[in-house]
Amino acid sequence: QVQLVESGGGLVEAGDSLRLSCAAGDGQTFSASWTGWFRQAPGKEREFVAAISYLGLRTNYADSVKGRFTISRDGPKNTVSLQMNNLKPEDTAIYYCAVQKQSAPWDTRRVADYDYWGQGTQVTVAS
């Protein structure tokens, strides 16, 4: 079982940037599957943000973040990052990373198709 730890959240102003990181636990590695970022705002359901393939060659983005967010994978550092530019107040949420289940379609955006969720990191964008 992989333990994931998110970091990099914070309080910023609209238009600012943040870079989130998702790291596997000490001595652990990501399973050979896609890794995704999701977010959950107060009173709302958790939603898909972006995902990246195991080798980092393919990506998938929610329409709401396309062109502003970039997901990347650093193999040697064993991390998956989410670079968020031009942040908007509606991006305010707790951001989670998770590993896609082996049985899931590669382009899935369903929360139920992901496993090994981290504890999340809070991103707050002030207007």
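Predicted model only: the values in this text are computed from it and were never measured.
- Put simply, the residue from Val123, Val125, Asp91 that forms a side chain to side chain contact (heavy atoms under 4.5 Å, CB included) with Met84 is Val123.
- To the nearest 0.5 Å, atom NZ of residue Lys66 and atom OG1 of residue Thr59 are 9.0 Å apart.
- Looking only at distances, no side-chain donor or acceptor of Ser21 sits under 3.5 Å from a matching main-chain atom of Ser7.
- Among residues two or more places apart in sequence or in another chain, the ring-ring contact (aromatic ring centres under 6.0 Å, His included) test is passed with Trp34 by Trp106.
- Here the straight-line distance linking atom CZ of Phe69 with atom CZ of Arg19 works out to 13.0 Å at 0.5 Å rounding.
- Remark: the backbone N or O of Pro89 is paired with a side-chain donor or acceptor of Thr92 at under 3.5 angstrom.
- Note on Val2 and Trp37: same hydrophobic cluster, where clusters join Ile, Leu, Val, Met, Phe, Trp and Tyr whose side-chain heavy atoms are under 4.5 Å apart, directly or indirectly.
- Rounded to the nearest 0.5 Å, atoms OG (Ser81) and CD1 (Ile52) are 9.0 Å apart.
- The closest side-chain heavy-atom distance from Ser64 to Arg39 is below 4.5 Å.
- Atom CD of Gln119 is surrounded by more than 12 heavy atoms from other residues, nucleotides or ligands within 6.0 Å.
- A continuous path of hydrophobic side-chain contacts links Val111 to Ile94 [ILVMFWY only; heavy atoms under 4.5 Å].
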Given side chain to side chain contact (heavy atoms under 4.5 Å, CB included), test Gln40 with Glu47 step by step and report yes or no. CA-CA 6 Å; Gln40 188 166 16; Glu47 64 174 6; over 6 Å; no

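- At a threshold of 4.5 Å between side-chain heavy atoms, the hydrophobic network of Ile, Leu, Val, Met, Phe, Trp and Tyr places Phe38 and Val65 in two separate groups.
- Environment of CD in Gln102: crowded, with over 12 heavy atoms of neighbouring residues, nucleotides or ligands closer than 6.0 Å.
- In summary, the side chains of Asn85 and Ser17 do present a donor paired with an acceptor at a separation below 3.5 Å, with no hydrogens or angles considered.
- When the shell of 6.0 Å around CD of Glu90 is examined, it contains more than 12 heavy atoms from other residues, nucleotides or ligands.
- Linking Ile, Leu, Val, Met, Phe, Trp and Tyr residues whenever their side-chain heavy atoms come within less than 4.5 Å places Leu87 and Tyr61 in a single cluster.
- Note: Thr35 OG1 to Tyr116 OH = 12.0 Å, rounded to the nearest 0.5 Å.
- A tilted orientation is assigned to the rings of Tyr114 and Phe48, their planes being inclined by 30° to 60°.
- The CD1 atom of Ile71 sits 12.0 Å away from atom CD of Gln83, with the distance rounded to the nearest 0.5 Å.
- Residue Tyr54 shares its hydrophobic cluster (ILVMFWY side chains chained together at separations under 4.5 Å) with Leu55, Leu57.
- Expressed to the nearest 0.5 Å, how far CG of Leu18 lies from OG1 of Thr124 amounts to 9.5 Å.
- Because its NZ or CZ atom is both nearer than 6.0 Å to the ring centre of Tyr96 and within 45° of the ring axis, Arg46 counts as a cation-pi partner of that residue.
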